Amino acid sequence: MKPVRVRFAPSPTGALHIGGVRTALYNYLLARKHGGTMILRIEDTDQTRYVPGAEEYILDSLKWAGIAIDEGVGAGGPHAPYRQSERKEIYKKYALQLVDEGKAYYAFDTEEELEAMRTRLKNEASSTQQYGVATRMGMRNSLTLSANEVADKLSQGVPYVIRLRVPADQTIELNDLIRGNVSVHSSQIDDKVLMKSDGMPTYHLANVVDDYLMQISHVIRGEEWLPSAPLHVLLYQSFGWQESMPEFAHLPLLLKPDGNGKLSKRDADQMGFPIFPLNWKDPNTQELAKGFRESGYLPEALLNFLAFLGWNPGTEQELFNVAQLIEAFTIERIGKAGAKFDIHKAQWFNQQYLRAKSNKELSKYLLTSLGELGIDCEVDKAEKICQAMRDRITFPNDIFAQGKFFFYSPSVFDEQVVQKKWNAESITVLSAYRDELKKLETITAENAKITLDAVCAKLNIGVGKILPALRLAITGQGSGPDLMQTIEIIEPKEAAARLDFAIQNIAIKK
RNA sequence: GGCCCGUUCGUCUAGGGGUUAGGACAUCAGAUUUUCAUUCUGGUAACAGGGGUUCGAUUCCCCUACGGGCUACCA
């Protein structure tokens with residue numbers, strides 16, 4: 001078997017889509033599994049769509065995700081350059097070779113002429129409007145023009161493109177690793193432009209030439225490329241490279257959560273979840289799009305989630321770290337159908353990975369949040385807070401966001417709880433409890449409980465009955481982590497002060 | 001319109017000629033937690049439809065429907 005060499009080949013036209021991250025991941029997993037090489041190639045042959053910062057964004061995203069590049073842009077390698085715009089001359093040479101061999105030709109048609117051809121065919125109710133076998137002899141190209149005319153135009157600098165001369169009657173077969181045999185008749189393929197009038201190659205030419213020169217073993221890419229895959233096969237045949245043609249694997253698409261169509265940025269905006277790995281500020285509109293990183297997703301969790309969108313190991317295990325993914329991954333187990341993007345599942349994965357962390361690791365997140373706000377906190381206390389919060393969080397930021405009361409005494413109180421649980425009885429008990437707490441400098445959760453039990457027993461009231469009111473007074477909320485632990489963390493004096501404040505300020509509703 | 005690809009619980013999916021069609025997320029209920037969450041247990045819930053082939057089809061074949069992709073001098 002030839003060495004596994006795979007490439008991720010995005011074009012720098014904006015932020016990297018999450019589907020692109022999955023494609024990169026699958027390439028990466030295959031490379032790692034077989035001790036192969038992961039290549040990053042930047043496909044920037046469309047100069048009109050170039051977006052500043054996009055390439056750097058792609059690099060940063062992959063780095064954050066932990067998808068390491070062995071060769072290519074940012075890493076170098078024996079086939080440099082890896083940016084297609086810098087390989088212009090290479091493609092030209094190959095395009096010309098095809099022209100020389102009669103497998104491609106020059107075309108001088110203007111945009112208007114092409115448009116006229118298409119509308120004419122449309123009016124004739126022709127099933128296709130392509131530039132191909134049926135139409136090319138009616139156009140202005142080196143097949144219809146004399147050699148002299150062509151030479152004249154070329155020397156005069158008349159704009160031209162180079163088109164592939166697709167054979168008339170041939171069935172092109174392609175064995176896709178995911179979809180099996182796909183065959184297309186050559187009459188369905190038009191004489192695709194190989195080289196544009198600005199001298200740049202189109203995707204089709206550049207991709208085939210580069211994959212050949214870079215000795216790519218597997219082309220793993222999105223399903224949107226499936227229709228043009230037969231054209232690529234034709235190109236390999238035209239060059240006489242069929243022996244070293246890579247294997248193809250066309251990945252199912254990532255779909256909108258609510259059903260119809262490819263997942264897009266719009267969906268993400270509407271439903272409030274990210275679609276890009278990192279924050280992205282559009283350099284033209286200045287619009288900021290949220291990233292998974294900034295939204296609190298851990299890279300390992302995202303990768304695990306993404307890996308399972310379209311692939312599964314065939315076992316019932318779902319939590320896989322990257323090493324395990326590499327071990328378990330096979331192209332054969334990639335599914336065929338598109339997968340709807342369900343952010344709930346992503347959140348669940350995030351929760352799982354977050355919970356697997358130690359309190360010490362979690363406390364770093366908390367300390368960071370606090371540091372940004374200029375709040376001081378002992379490491380010990382931070383770890384205790386994390387212990388209290390760890391089972392209720394989905395994102396690192398939740399520790400602080402849902403545990404603000406560890407640092408601020410509440411000034412507003414949950415109305416519903418006030419309504420239902422705040423009454424004369426609770427004030428009596430809470431006052432007594434406050435008096436006990438006031439006597440102490442520190443208290444353990446255990447003793448806080450014992451003390452509360454004693455107070456309740458003395459007043460002859462069930463603990464469960466006043467717990468909600470106590471929580472309300474301490475945190476302002478109706479729910480939260482273990483209350484006794486909370487009192488231990490904020491310390492009895494502070495707890496007593498909060499009880500004081502609550503007793504004086506919360507009005508009894510009924 | 002043409003071409004290509006697809007279709008198992010709401011979602012991600014396992015399975016595959018004879019299964020009580022399995023798991024996970026979500027959801028619901030119960031238990032525990034004298035609060036909330038966690039945790040545990042249980043429940044609801046799927047083979048798009050029609051024809052074949054077959055003793056038997058969710059599984060294989062065909063058609064239809066539906067969904068998606070492509071149809072540029074974009075990738």
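Numbered from 1 within each chain, the chains take letters A, B, ... in sequence-line order. Since we're looking at a predicted model, the values are computed, not measured.
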Practice task
May I ask you to check whether A:Tyr297 and A:Phe349 place their ring centers less than 6.0 Å from one another?
Solution key: no

Exercise for the section: For A:His204 and B:A72, give me the distance from atom NE2 to atom C1', rounded to whole Å. Expected result: 10 Å

Exercise for the section: Write down the distance between CG (A:Leu255) and P (B:U7), rounded to a whole number of angstrom. Expected result: 12 Å

Problem - Beyond-backbone contact of A:Tyr106 with A:Lys153, side-chain heavy atoms, under 4.5 angstrom - result: no

Practice task
Determine whether A:Leu470 and A:Met484 make a side-chain contact, defined as any pair of heavy atoms from C-beta on separated by less than 4.5 Å.
Solution key: yes

Practice task
Using a heavy-atom cut-off of under 4.0 Å over every strand shown, decide if A:Arg390 touches base, sugar-phosphate, or nothing.
Solution key: nothing

Exercise for the section: May I ask you to say what A:Phe308 touches in the nucleic acid, namely base, sugar-phosphate or nothing, with a heavy-atom cut-off under 4.0 Å? Expected result: sugar-phosphate

Practice task
Have a look at A:Ser11 and say if it touches a base, only the backbone sugar-phosphate, or nothing, with a 4.0 Å heavy-atom cut-off.
Solution key: sugar-phosphate

Practice task
Mind calculating the distance between NZ (A:Lys340) and C1' (B:G69) to the nearest angstrom?
Solution key: 16 Å

Exercise for the section: Select base, sugar-phosphate, or nothing to describe what A:Thr45 touches, counting heavy atoms under 4.0 Å on all strands. Expected result: sugar-phosphate

Exercise for the section: May I have the distance from A:Leu231 (atom CG) to B:A72 (atom P), rounded to whole angstrom? Expected result: 13 Å

Practice task
Using only heavy-atom distances, determine whether the side chains of A:Asn141 and A:Tyr160 contain a donor-acceptor pair under 3.5 Å.
Solution key: no

Problem - Under-4.0 Å salt bridge between A:Lys458 and A:Glu436 - result: no

Exercise for the section: May I ask you to say what A:Asp398 touches in the nucleic acid, namely base, sugar-phosphate or nothing, with a heavy-atom cut-off under 4.0 Å? Expected result: nothing

Exercise for the section: Please report, rounded to the nearest Å, how far the P atom of B:G67 is from the CG atom of A:Leu253. Expected result: 16 Å

Exercise for the section: Using atom CG of A:Leu263 as one end and atom C1' of B:U11 as the other, report the distance to the nearest whole Å. Expected result: 14 Å

Practice task
Taking atom C1' in both B:A57 and B:A48, compute the distance separating them and give it to the nearest angstrom.
Solution key: 16 Å

Exercise for the section: Take atom CG of A:Asp176 and atom P of B:G69, then tell me their distance rounded to the nearest Å. Expected result: 18 Å

Exercise for the section: Pick base, sugar-phosphate or nothing for A:Arg179, based on heavy-atom distances below 4.0 Å to the nucleic acid. Expected result: sugar-phosphate

Practice task
Walk me through it: do A:Arg120 and A:Glu124 pass the test salt bridge (charged side-chain N to carboxylate O under 4.0 Å, His left out)?
Solution key: CA-CA 6 Å; A:Arg120 195 195 79 226; A:Glu124 287 169 6; 3.5 Å; yes

Handout entry: Residue pair A:Leu213, A:Tyr94: steps toward the side chain to side chain contact (heavy atoms under 4.5 Å, CB included) verdict
Key = CA-CA 11 Å; A:Leu213 293 176; A:Tyr94 284 102; 3.5 Å; yes

Problem - Interatomic distance at P, B:U44 relative to B:U39, whole Å - result: 22 Å

Practice task
Identify whether the distance between the nearest side-chain nitrogen and carboxylate oxygen of A:Asp211 and A:Arg7 falls below 4.0 Å.
Solution key: yes

Exercise for the section: Apply the test salt bridge (charged side-chain N to carboxylate O under 4.0 Å, His left out) to residues A:Asp190 and A:Lys192: give CA-CA distance (whole Å), side-chain angles for both, the deciding distance (0.1 Å), then the verdict. Expected result: CA-CA 5 Å; A:Asp190 56 357; A:Lys192 276 274 179 311; 2.7 Å; yes

Problem - Side-chain heavy atoms of A:Ser61 within contact of A:Trp280, under 4.5 Å - result: no

Exercise for the section: Enter the distance from A:Tyr203:OH to A:Thr45:OG1 here, rounded to the nearest 0.5 Å. Expected result: 10.0 Å

Handout entry: Touch class at under 4.0 angstrom, heavy-atom based, for A:Lys345 against every strand present
Key = base

Fill in the blank from the handout: A:Tyr131 OH to B:A72 P, in whole Å, measures 14 Å

Do any N or O atoms of the protein come closer than 3.5 Å to N or O atoms of nucleotides 37-40 of chain B, and which pairs are they?
unit_1: B:U38; atom_1: O3'; unit_2: A:Arg355; atom_2: NH1; d: 3.4
unit_1: B:U38; atom_1: O2'; unit_2: A:Asp391; atom_2: OD2; d: 3.3
unit_1: B:U39; atom_1: OP1; unit_2: A:Arg355; atom_2: NH1; d: 3.0

Practice task
Under 4.0 Å between any heavy atoms, over every strand shown, what does A:Gly310 touch: base, sugar-phosphate, or nothing? Just pick one.
Solution key: sugar-phosphate

Exercise for the section: Classify the nucleic acid contact of A:Lys262 as base, sugar-phosphate or nothing, counting any heavy atom under 4.0 Å across all strands shown. Expected result: sugar-phosphate

Completion exercise
The nucleotide from B:A75, B:C25, B:G68 with an atom nearest the side chain of A:Trp348 is B:C25

Problem - Close approaches to RNA chain B from residues 106-120 of chain A, in residue order (heavy atom, under 4.0 Å) - result: A:Asp109, A:Arg118

Completion exercise
Under a 4.0 Å heavy-atom cutoff, the residues of residues 188-197 of chain A touching RNA chain B are A:Gln188, A:Val193, A:Lys196, A:Ser197

